[in-house]
Amino acid sequence: MSTHRIGFAVKVLGEGGLPSHDARRWQSDPHLRVSLGYLEAILGYLERKELPMYRVVTQLAPYATHPDLPQFHGQIEECAEELAAIGARAAELDIRLSSHPGQYTVLNSEDERIRRSAAAELESQAALFDAMGLPAEAVVVIHVGGAAGGMEAACDRFLEGWELLSDAARARVVIENDDRSFAIRTVAELSKRCGAPVVWDILHHRCHDPDQVPDREALDLAFATWPEGVVPKIHYSSPRLDMGEKKRKVGRRVERTPALPQLRAHADLVDPIAFEYVMRDLGGGPDFDVMVEAKGKDLAVLRLREQLIARGMEIEAGWLIVG
DNA sequence: CGATGTCAAGGAATC
DNA sequence: GATTCCTTGACATCG
């Protein structure tokens, strides 16, 4: 028997929508303190809905590492008390938190300045979770980065970037397979060299897996990289299947043409049938958590849960139980 | 008020 | 070497 938290990312759509951070522009002096007020409200929502896992927005501390805005750089220290309190609240509710810096955080960039700014961003994310007193399961997920110069050179550059990180940051950062360059086997090998655990993203795996690694093996590869006592996690999403449209400017008017979605595009919701198959196949062994990436956010997770229950799967206090 | 432009940030493809 | 897309949301500004 295995247990699994199911989480969602950043934005709360339920209850009419809740703000996830102080997103005002720098001219209006946004502050982490405001974001933490929002986060507190979100924790309340998570408690009410029995949602045990949540990805906080990377920009929780606005401009915290912006090179031209040093006046914003001390927010984490300024909010030490508030951070400790909210971290304690998350612990009390047993909610697993994480974050996921996006495409601009490239630790393996060819440009050393960009590697340094990526490292600064990761230090900040780690400092935030440290100030909250969160356990090791609160990880900061990143992609390996760009593939310039080939996989080998790109992985070597990642290690150069890794060298820039403090022990505190290294203890939080985990690496994820992506949908075009770094497949699960490559990421697992890189993990052996730097020690970062691996998050396996199943949709990315469907998009890019030149080594043809079977699901079970990919799962084992990823989970072997996690330290004893820290529950691993995976990313799960269903591909978008509806037609979108492409907008193109022709002169002064906008022309809309139908566009077929890429496999990697996230759907609004999660296909419960595919999810059930995957979880019955992969569950029943070690515990692991599942971060759902769907445009429907919390609503997608709540709907998925209802559908799993209707299918006879067991959910207890928001945790999925398999086997 | 609704529509449109802009945002801190990189990489890769294309011209 | 410069431009555009990728992809996403919300602030900010314009009409």
Side-chain angles (χ1 to χ4, degrees), chain A residues 8-13 16-32 34-35 38 42 55-73 75 99-125 140 142-151 153-155 157-158 160-161 176 178-182 201 203-204 207-208 235 237 239-240 242 244-257 259-268 293-300:
Chain A
F8 70 99
V10 180
K11 212 164 60 151
V12 176
L13 300 181
L18 299 174
S20 45
H21 70 294
D22 189 351
R24 291 173 297 169
R25 303 281 163 86
W26 61 268
Q27 294 89 337
S28 312
D29 287 320
H31 202 278
L32 172 60
V34 178
S35 292
Y38 296 155
I42 289 174
R55 176 191 297 166
V56 300
V57 68
T58 312
Q59 298 80 5
L60 199 71
Y63 303 104
T65 63
H66 192 297
D68 302 329
L69 299 172
Q71 68 269 34
F72 287 96
H73 293 189
Q75 294 169 84
S99 75
H100 188 8
Q103 59 184 327
Y104 296 110
T105 301
V106 186
L107 198 56
N108 84 336
S109 173
E110 291 184 287
D111 184 336
E112 191 200 335
R113 288 167 303 180
I114 290 160
R115 290 201 299 274
R116 290 200 176 279
S117 60
E121 175 66 36
L122 297 176
E123 293 292 344
S124 174
Q125 295 290 315
V140 178
I142 57 168
H143 291 288
V144 178
M151 288 301 109
C155 287
R157 283 201 308 277
F158 184 89
E160 281 183 49
E176 176 191 348
D178 68 58
D179 53 27
R180 41 181 52 174
S181 306
F182 297 92
D201 185 305
L203 184 59
H204 291 164
C207 296
H208 180 64
H235 286 177
S237 45
R240 182 174 175 184
D242 59 322
E245 51 182 24
K246 213 177 186 107
K247 289 181 196 167
R248 199 164 59 99
K249 277 198 176 140
V250 183
R252 70 171 56 189
R253 50 194 278 205
V254 181
E255 185 180 273
R256 294 151 186 268
T257 50
L260 296 169
Q262 305 275 75
L263 182 63
R264 62 171 160 273
H266 291 165
D268 290 345
E293 295 177 318
K295 290 197 290 180
K297 308 294 181 189
D298 52 319
L299 300 182

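For clarity, every value in this text was computed on a predicted model and none was experimentally measured. Chain A is the first sequence line, chain B the second, and so forth, proteins listed ahead of strands; every chain is numbered from 1.
G146(A) and A154(A) get closest at one heavy-atom pair: O-CB, 3.5 Å.
Spacing of P atoms, dC7(B) relative to dT3(C), comes out at 16 Å, to the nearest Å. dT7(C) and dA13(B) have their P atoms separated by 14 Å, with the value rounded to a whole Å. Between dA8(B) and dC6(C), the distance separating the two P atoms is 22 Å to the nearest Å. dG5(B) and dT4(C) have their P atoms separated by 14 Å, given to the nearest Å.
Distances shown here put a side-chain N or O of R264(A) below 4.0 Å from the OP1 or OP2 atom of dT7(C). Proximity of S117(A) to the phosphate of dA8(B): no side-chain N or O atom is located under 4.0 Å from OP1 or OP2. Distances shorter than 4.0 Å separate some side-chain N or O of Y63(A) from OP1 or OP2 on dA8(B).
Salt-bridge check for D178(A) with R180(A): failed, with every basic side-chain N at 4.0 Å or more from each acidic carboxylate O.
Here the side chain of V106(A) is nearest to one of dA8(B), dG11(B), dC6(C), namely dG11(B). Closest to the side chain of S28(A), out of dA9(B), dA12(B), dA12(C), is dA12(C). Side-chain proximity of E121(A) to the nucleotides dC11(C), dG11(B), dA9(B) is greatest for dA9(B). Considering only the side chain of T65(A), dA8(B) comes nearest among dA8(B), dC11(C), dA9(B).
Taking atom NZ on K295(A) and atom P on dA10(C), their separation rounds to 13 Å, with Å as the unit. Per the geometry, CG belonging to L263(A) stands 16 Å off P belonging to dC6(C), to the nearest Å. Atom C1' of nucleotide dA12(C) and atom CD of Q27(A) are separated by 9 Å, given to the nearest angstrom. Rounding to whole angstrom units, CD of residue E293(A) and C1' of dG9(C) are separated by 16 Å. The CZ-P distance, from R24(A) to dA8(B), rounds to 15 Å in whole Å. Distance NE2 (H208(A)) to P (dA12(B)): 13 Å, rounded to an integer number of Å. Between the CZ atom of R25(A) and the C1' atom of dC11(C) there is a distance of 4 Å, rounded to whole Å. Spacing between atom NE2 of H73(A) and atom C1' of dA9(B) amounts to 13 Å, rounded to whole angstrom units.
Shown here are the ring-ring contact (aromatic ring centres under 6.0 Å, His included) partners of F158(A), two or more places apart in sequence or in another chain: there are none. By the ring-ring contact (aromatic ring centres under 6.0 Å, His included) test, H31(A) is found to be paired with no residue, residues two or more places apart in sequence or in another chain being considered.
S35(A) contributes a side-chain N or O that, together with a main-chain N or O of D22(A), makes up a donor-acceptor pair within less than 3.5 Å. Within the 3.5 Å criterion, the main-chain N or O of V106(A) finds no donor-acceptor partner in the side chain of H143(A).
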Verdict with supporting geometry, H266(A) and L203(A), side chain to side chain contact (heavy atoms under 4.5 Å, CB included): CA-CA 9 Å; H266(A) 291 165; L203(A) 184 59; 3.9 Å; yes
Check against side chain to side chain contact (heavy atoms under 4.5 Å, CB included), L107(A) and T105(A): CA-CA 6 Å; L107(A) 198 56; T105(A) 301; 5.9 Å; no
Dot-bracket notation for DNA chain B, counting Watson-Crick and G-U pairs under 3.5 Å, with | for partners on another strand: |||||||..||||||
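When heavy atoms are screened at a 4.0 angstrom cut-off, Q262(A) is found touching no nucleic acid atom at all.
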